[in-house]
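For ligands, and for the atoms within them, numbers begin at 1 and follow the listed sequence.
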Amino acid sequence: MSQRRPFIGGNWKMNTDHASAVELAEQVIAGLQDHADSGDVVLCPPYPYLDLVGRTILSSPVALGAQDVSPEASGAFTGEVSASMLLDVGARWTLVGHSERRHGLGESDALVGRKLARALQSGLKVVLCCGETQEERASGKTDEVNRRQLEIALEGLEPAALDAMVIAYEPVWAIGTGLTPSLEDAEAAHLAIRSVLGSLYDDQFAASVRIVYGGSMKPTNVAQFISSPEIDGGLIGGASLKAEDFLAICREILA
Ligand code: PGA
């Protein structure tokens, strides 16, 4: 397990409804009572339920996060949600650059960078996601892809602004598929990401950044991932929709 403060995100994606969102949030906070401050646990419900879930977890140590944020501050941007709106409804975190937005919706590295800058500037904490596709891994480009995604996203950002950033290494081919990289491959990707941070900033800064793993993390494989000192927690999709599974993962990471 790493020396850095553990981080666990529950990315609910486009799931739940009014009733099930409240129920899931209630179950999560009830199950984490004994782990009050041993790490950051963040729930990321769909936009329409942010306020509701935020109220449900209000006096708990669990924080509220969004799944995305607009790169713009305000104005005529139909369908977009600004960082200040997210803060206004109680969100403290947002995901940026999730692969389902990069690959499913065509978000460019540059757009991800603009979102990251806007969110940090507005006072949101950010989980910046990166990761390679199956083809990129097969052609040996994993480190190159992560480097490109990070370099473009971080361009122009000073280390002081990045205190509020967690990086999620999420191999695209592992998301929602049940497939996972070996511990060695995940660890190698985390080390390569940390060395990108070292080359963009310095080693001290690089050592301070939390890098979590995401992609089919489950109660049955979490212990293996977090046995590595390089893996500071997880970003959980499918398994965050079942309180029992999400809590089992949290307990393992926060133990
Ligand atoms: P998964 O999703 O746990 O369902 O693979 C992870 C993610 O997309 O963040």
Query raised in the report: Do Met85 and Val89 come close enough that some side-chain heavy atom pair is under 4.5 Å?
Result: no
Report summary line: On a heavy-atom basis, the closest approach of Tyr47 and Val69 is OH-N, 3.7 Å
**Report entry** Sub-4.0 Å heavy-atom contact, Gly215 with ligand 1
**Finding:** yes
Query raised in the report: Heavy-atom distance under 4.5 Å between the side chains of Thr16 and Leu24, does that happen here?
Result: yes
Query raised in the report: Between Gln121 and Arg118, is any side-chain donor less than 3.5 angstrom from a side-chain acceptor?
Result: yes
Query raised in the report: Quick one: do Arg137 and Asp185 make a salt bridge, cutoff under 4.0 Å?
Result: yes
Query - Matching residue for Ser228 among Glu187, Glu184, His190 - test: side-chain hydrogen bond (donor to acceptor under 3.5 Å, both in side chains) - result: Glu187
Query raised in the report: Quick one: does Gly176 get an N or O within less than 3.5 Å of an N or O on ligand 1?
Result: yes
Query raised in the report: Looking at atom 4 (O) of ligand 1, what's its closest protein heavy atom, distance included?
Result: Gly238 N, 2.8 Å
Query raised in the report: Between Asn11 and ligand 1, which residue portion shows a heavy-atom distance shorter than 4.0 Å: side chain, backbone, both, or neither?
Result: side chain
Report task. Identify the protein heavy atom lying closest to atom 9 (O) of ligand 1, giving its residue, its atom name and the separation to 0.1 Å. Result -> Glu170 OE2, 2.7 Å
**Report entry** Closest protein heavy atom to atom 3 (O) of ligand 1, given as residue, atom name and distance to 0.1 Å
**Finding:** Gly237 N, 2.8 Å
Query raised in the report: Hey, are Asp109 and Arg102 close enough for a salt bridge, meaning a charged N less than 4.0 Å from a carboxylate O?
Result: yes
Requested in this report: Identify, by atom number and element, the atoms of ligand 1 in contact range of Ala174, meaning under 4.0 Å from any of its heavy atoms.
Outcome: 5 (O)
**Report entry** Distance-only donor-acceptor check, side chains Glu170 and Ser99, under 3.5 Å
**Finding:** no
Report task. Between Ser99 and ligand 1, find which residue part has any heavy-atom pair under 4.0 Å and reply side chain, backbone, both or neither. Result -> neither
Requested in this report: Report the member of Gln67, Glu100, His98 with the shortest heavy-atom distance to atom 8 (O) of ligand 1.
Outcome: His98
Query raised in the report: Should Ala239 be counted as touching ligand 1, given the test is an N or O pair under 3.5 Å?
Result: no
Requested in this report: Among all protein heavy atoms, pick the one closest to atom 2 (O) of ligand 1 and tell me residue, atom and distance.
Outcome: Lys13 NZ, 3.2 Å
